[in-house]
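Down below is the structure, laid out as structure tokens.
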Amino acid sequence: MGDADDRAHVERVLRADNGDRHARAERLEQGPLLFEIEAEGVDASHGSRRSRPRGKGASMASERPAVVSIQDLAKHVGTEVVLQGWLYNKRSSGKLHFLEVRDGSGITQCVMAKADVGEDVFVAADGLQQEASLRVSGKVVAHPKREGVYELQATGFELVAAPSEAYPITKKEHGPDFLMDHRHLWLRSKRQHAIMRVRHTIVTAIREFFDDRGFTLIDAPIFTPSACEGTSTLFETDYHGQPAYLTQSGQLYMEAAAAAFGKAYCFGPTFRAEKSKTRRHLAEFWMVEPEVAFTDLEGVMDLAEDFICHIVGRVLERRRPELAELERDVAALEKIQKPFPRVTYTDAVNLVAEERAKLEAASEAPRLEWGNDFGAEDETLLAKRFDRPVMVHRWPEEVKAFYMKRDPADPRLALGVDVIAPEGYGEVIGGGQREESLEVLDAAIQKHGLPMDAFEWYRDIRKYGGFPHGGFGLGLERMVSWMCGLGHVRETIPFPRMLNRLSP
RNA sequence: UCCAGCUUAGCUCAGUCGGUAGAGCAGGCGGCUGUUAACCGCCGGGUCGAAGGUUCGAGUCCUUCAGCUGGAGCCA
């Protein structure tokens, strides 16, 4: 091997750091570890244009370069800093390396000139592989070609650890299955990074919204003794000898919480065992479910509208760079303003029929008849009519859960509402007003063939001071998918659980 | 569960009419002082998803199975 010397050098630098963990920690506190390079007999500052001397004895602790985050580079222009991170990509010419380094806060380019760092350091840097962990020191300067972009003029580096084999995710394209098998590594890439940060901001916005409006966080249990709604397929587990199911909704518990706290919400994982294989489904997803005492369907719709506007506003306010990275059409998100159109289910069925008539090619999807739930295509056709979410309310009671309140004006209808996002992102919210009469509720439980004894505690909510109330559930991943403009929800959760995927 | 498509190098993919395997990236070596999936030259790398069948001959045609992807249903 012709590069044996290079490798030996790199490993020496590495060993010099690993020799003593205590010494290492101490040096870490003091500042950068460029001394290893010098200890090898190479002066990393040789030929440097920097005027400030870096003598070991002379420099005070405060003069040593500070470790900074890449996102804060702009605050340190003109000063010597140290970056700690991983090599994202490397481009090189004979006497100049461009090391793209990511540190979790961002990615920046470290320009290393042979004349600045000397032969040995330059050759060692040439041997760096993708995802090598390292510390790079250098002066923060403005990018010569890009406005508002900063880069590092490298003066030295320390290899923390070299990859033991080639990084599997290369610069070229990969298929979804390969990437999902390497999800733990895929999260390091720019695109996934942007999505996770949008998700984080949405989660923060959700908590902010409810916390600022007097809601109390009351988390629902994950193990439940029976199906909450009696519709979905649930994951069954063995709970000390008796069957238990992973929750499909915290809603019934939130009704109890609303009676205790007035306004409550839960926010946690939810599980569905249906064998769904579409771009909108996960076996494990996160749902936020607010429930409000003394409100009605109109109040639920007002809340949902304000809620979505708040989330969209926060994403636009805080995640512009991430949306740009994802090439999201921001103009479509900026149109998401109150008021949202509110159409009854009956009107919506007619609108879908109108849209379908406009289609040139006959669709294979079954035609939507009054009394049926919307299919995915129906939702998209309806959403096409509007540039903001559309709220479809007053559904046929047969397609809604047993706890929905009947419309006093038309007993065929339930006071439920679905919020359908624009651009084909489908249902992001489902909710409505709940039945408060014990008598009507009992009849509904019986009609749906549900075991009465499993709902004794739930019936108590009506027994002891029944009250008008309502709420809704929002699927976090569908919201993230919509905000990011993604084609599939699997990228919206760090480690997706799907029909054919349980790992990593 | 049903319908459709895909499966060839570590990765992404070509592979014509059935005639015995190709490119780019990644890896290795060399070159290049402002690169942006950098670029240029060279090198190594294959049980063509599995089994069976048709044929002188199968990556290519047929059957079955498996895996993956998308869609339907169900839902957030």
Side-chain angles (χ1 to χ4, degrees), chain A residues 1-4 6-7 88-100 107-116 122 126-127 129-131 141 143-146 149 151 153 163 165-182 189-190 229 231-234 248-251 269-289 363-366 372-379 399-401 418-421 425-431 472-482 487-490 492 498-501:
Chain A
M1 273 201 152
D3 65 332
D6 303 352
R7 284 201 173 280
Y88 191 74
N89 192 15
K90 175 167 67 73
R91 292 175 290 275
S92 191
S93 64
K95 297 182 177 95
L96 205 55
H97 293 317
F98 298 93
L99 308 175
E100 261 192 293
I107 297 182
T108 195
Q109 175 170 274
C110 302
V111 184
M112 182 180 285
K114 193 189 238 177
D116 286 348
F122 193 78
D126 196 37
Q129 285 188 312
Q130 195 182 355
E131 291 303 314
V141 296
H143 193 291
K145 294 179 187 170
R146 294 187 178 181
V149 175
E151 62 180 26
Q153 251 168 21
E165 48 190 279
Y167 190 65
I169 300 177
T170 66
K171 286 177 275 187
K172 281 277 181 165
E173 290 172 15
H174 299 279
D177 194 44
F178 177 84
L179 288 169
M180 273 302 168
D181 281 342
H182 297 84
S189 72
K190 278 183 194 172
E229 302 177 13
T231 50
S232 306
T233 315
L234 306 188
Q248 62 156 194
S249 165
Q251 205 243 287
T270 305
F271 308 87
R272 301 283 165 89
E274 281 114 3
K275 298 194 186 305
S276 298
K277 276 182 76 172
T278 80
R279 64 180 69 195
R280 301 178 305 281
H281 289 88
L282 293 167
E284 178 183 309
F285 65 98
W286 283 61
M287 186 154 68
V288 55
E289 294 173 279
S363 169
E364 287 179 20
N372 292 332
D373 202 352
F374 282 27
E377 186 177 302
D378 303 320
E379 287 182 353
V399 304
K400 288 295 174 188
D418 281 4
V419 180
I420 297 169
Y425 283 95
E427 185 184 345
V428 289
I429 280 181
F472 60 81
L474 173 132
L476 175 63
E477 285 74 16
R478 287 189 181 177
M479 195 70 198
V480 177
S481 187
W482 171 30
H488 202 300
V489 289
R490 66 188 156 203
T492 63
M498 297 178 290
L499 185 55
N500 292 313
R501 180 160 300 277

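Model, not experiment: these values are computed from the prediction. So you know, we letter chains A, B, ... as the sequences are listed, proteins then strands, and number each from 1. When reading the values below, keep in mind they use all heavy atoms of this one structure, side chains included, and skip hydrogens, waters and symmetry mates.
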- prompt: Between B:G73 atom P and A:Glu377 atom CD, what is the distance in whole Å?
  reply: 9 Å
message: Nearest heavy atom decides the nucleotide; on that basis, is A:Val111 or A:Leu476 closer to the 5' end of RNA chain B?
response: A:Val111
query: What interatomic distance, in whole Å, is found between C1' of B:U8 and the corresponding atom of B:G22?
result: 10 Å
query: For B:A23, what is the paired nucleotide under Watson-Crick or G-U wobble rules, both distances under 3.5 Å?
result: B:U12
field: Nucleotide B:C3, atom C1' - distance to NZ of A:Lys275 in whole Å
entry: 18 Å
- prompt: Do A:His143 and B:U35 share a donor-acceptor pair, side chain to base, under 3.5 Å?
  reply: yes
task: Give a yes/no on whether any side-chain N or O of A:Lys145 is located under 4.0 angstrom from OP1 or OP2 of B:U35.
output: yes
field: Residue whose closest nucleotide on RNA chain B lies nearer the 5' end, A:Met180 versus A:Gln130
entry: A:Gln130
- prompt: Which nucleotide in the list B:U12, B:C68, B:A76 gets nearest to the side chain of A:Asp177?
  reply: B:C68
message: Using a heavy-atom cut-off of 4.0 Å across all strands, would you classify A:Ser92 as base, sugar-phosphate, or nothing?
response: base
Presence of salt bridge, A:Lys114 and A:Asp126, under 4.0 angstrom: no
Residue A:Arg272, side-chain atoms from C-beta onward, closest of B:A76, B:U69, B:G34: B:A76
field: Length of the line joining A:Asp378:CG and B:A72:P, which is rounded to integer Å
entry: 10 Å
message: Need one value for A:Glu151: base, sugar-phosphate or nothing, where a base atom within 4.0 Å counts as base even if backbone is also close, heavy atoms only.
response: base
query: Do A:Arg478 and B:C75 have a side chain to base donor-acceptor pair shorter than 3.5 Å?
result: yes
- request: For B:G67 versus B:G30, give the span between their C1' atoms, rounded off to a whole number of Å.
  value: 42 Å
Side chain of A:Phe98 (C-beta onward), nearest among B:C11, B:G27, B:U35: B:U35
- prompt: The side chain of A:Ala115 lies closest to which of these nucleotides: B:A76, B:A72, B:U33?
  reply: B:U33
- prompt: To the nearest 0.5 Å, how far apart are CZ in A:Phe122 and CG in A:Leu96?
  reply: 6.5 Å
- prompt: Starting at CE of A:Met498 and ending at P of B:C68, how long is that distance when rounded to a whole Å?
  reply: 10 Å
message: Any base atoms under 4.0 Å from A:Gln109, or only sugar-phosphate, or nothing? Heavy atoms, all strands.
response: base
task: Tell me what A:His174 touches on the nucleic acid: a base, only sugar-phosphate, or nothing, going by heavy atoms under 4.0 Å.
output: sugar-phosphate
- request: Under 4.0 Å between any heavy atoms, over every strand shown, what does A:His488 touch: base, sugar-phosphate, or nothing? Just pick one.
  value: sugar-phosphate
- prompt: Heavy atoms under 4.0 Å, any strand shown: does A:Asp418 hit a base, just sugar-phosphate, or nothing?
  reply: nothing
field: Any donor-acceptor N/O pair, A:Arg478 side chain to A:Val489 backbone, under 3.5 Å
entry: no
statement: Among B:G28, B:U12, B:G34, the one nearest any side-chain atom of A:Gln129 is B:G28
- prompt: Can you find a heavy atom in the side chain of A:Met479 that is under 4.5 Å from one in the side chain of A:Ile429?
  reply: no
- prompt: Which part of the nucleic acid, if any, lies within contact of A:Phe285, taking any heavy atom under 4.0 Å across all strands shown: a base, the sugar-phosphate backbone alone, or nothing?
  reply: base
- prompt: Reckon A:Asn500 has a side-chain N or O less than 4.0 Å from the OP1 or OP2 of B:C68?
  reply: yes
- prompt: With a 4.0 Å cut-off, would you call A:Arg501 and A:Asp181 a salt bridge?
  reply: yes
- prompt: Across all strands, who's sitting opposite B:G41 as a Watson-Crick or G-U wobble pair, both distances under 3.5 Å?
  reply: B:C29
- prompt: Counting only Watson-Crick or G-U wobble pairs whose two distances fall under 3.5 Å, which nucleotide matches B:G70?
  reply: B:C3
field: Gap between atoms CG and P, on A:Leu282 and B:C74 respectively (whole Å)
entry: 19 Å
- request: For B:A9 and B:A21, measure between their P atoms and round to the nearest Å.
  value: 15 Å
- prompt: Which whole-number value in Å describes the distance from A:Glu289 CD to B:A76 P?
  reply: 9 Å
- prompt: Stacking here means centres under 5.5 Å and planes under 30°; does A:Tyr167 stack on B:A26?
  reply: no
message: Donor-acceptor check, side chain of A:Ser276 to backbone of A:Thr278, threshold 3.5 angstrom: yes or no?
response: no
field: side chain to side chain contact (heavy atoms under 4.5 Å, CB included) between A:Met498 and A:Lys277, intermediate numbers included
entry: CA-CA 8 Å; A:Met498 297 178 290; A:Lys277 276 182 76 172; over 6 Å; no
Side-chain-base donor-acceptor pair under 3.5 Å for A:Ser276 and B:C74: yes
- request: For B:G34 versus B:G24, give the span between their C1' atoms, rounded off to a whole number of Å.
  value: 25 Å
query: Quick one: does A:Gln153's side chain have a donor or acceptor within less than 3.5 Å of a partner on A:Val111's backbone?
result: no
task: Assign A:Ile429 to base, sugar-phosphate, or nothing according to its heavy-atom contacts below 4.0 angstrom with the strands shown.
output: sugar-phosphate
- prompt: B:C11 and B:G46: how far apart are their C1' atoms, nearest whole angstrom?
  reply: 14 Å
- request: Using whole Å, report how far CD of A:Glu379 lies from C1' of B:G73.
  value: 13 Å
task: Starting from C1' on B:G28, measure out to NZ on A:Lys90 and report it in whole angstrom.
output: 12 Å
message: Please give the distance between the C1' atoms of B:C75 and B:G59 as a whole number of Å.
response: 42 Å
- request: Side chain of A:Lys277 only, please: which of B:A72, B:U69, B:U35 is the nearest?
  value: B:U69
message: Applying a 4.0 Å non-hydrogen cut-off, can you work out what A:Arg490 is touching in the nucleic acid: base, sugar-phosphate, or nothing?
response: sugar-phosphate
message: Suppose you measure atom C1' in B:A51 against the same atom in B:C13; what distance do you get, rounded to whole Å?
response: 26 Å
field: G-U wobble or Watson-Crick pairing nucleotide for B:G46 (cut-off 3.5 Å, both distances)
entry: none
Pair assignment for B:G34, Watson-Crick or G-U wobble, requiring both distances under 3.5 Å: none
- request: May I ask which nucleotide in the shown strands pairs with B:G52, Watson-Crick or G-U wobble, both distances under 3.5 Å?
  value: B:C62
message: Rounded at 0.5 Å granularity, tell me how far CD in A:Glu131 sits from OH in A:Tyr88.
response: 8.5 Å
- request: With P as the reference atom in both, quote the distance from B:G49 to B:C40 in angstrom, rounded to an integer.
  value: 31 Å
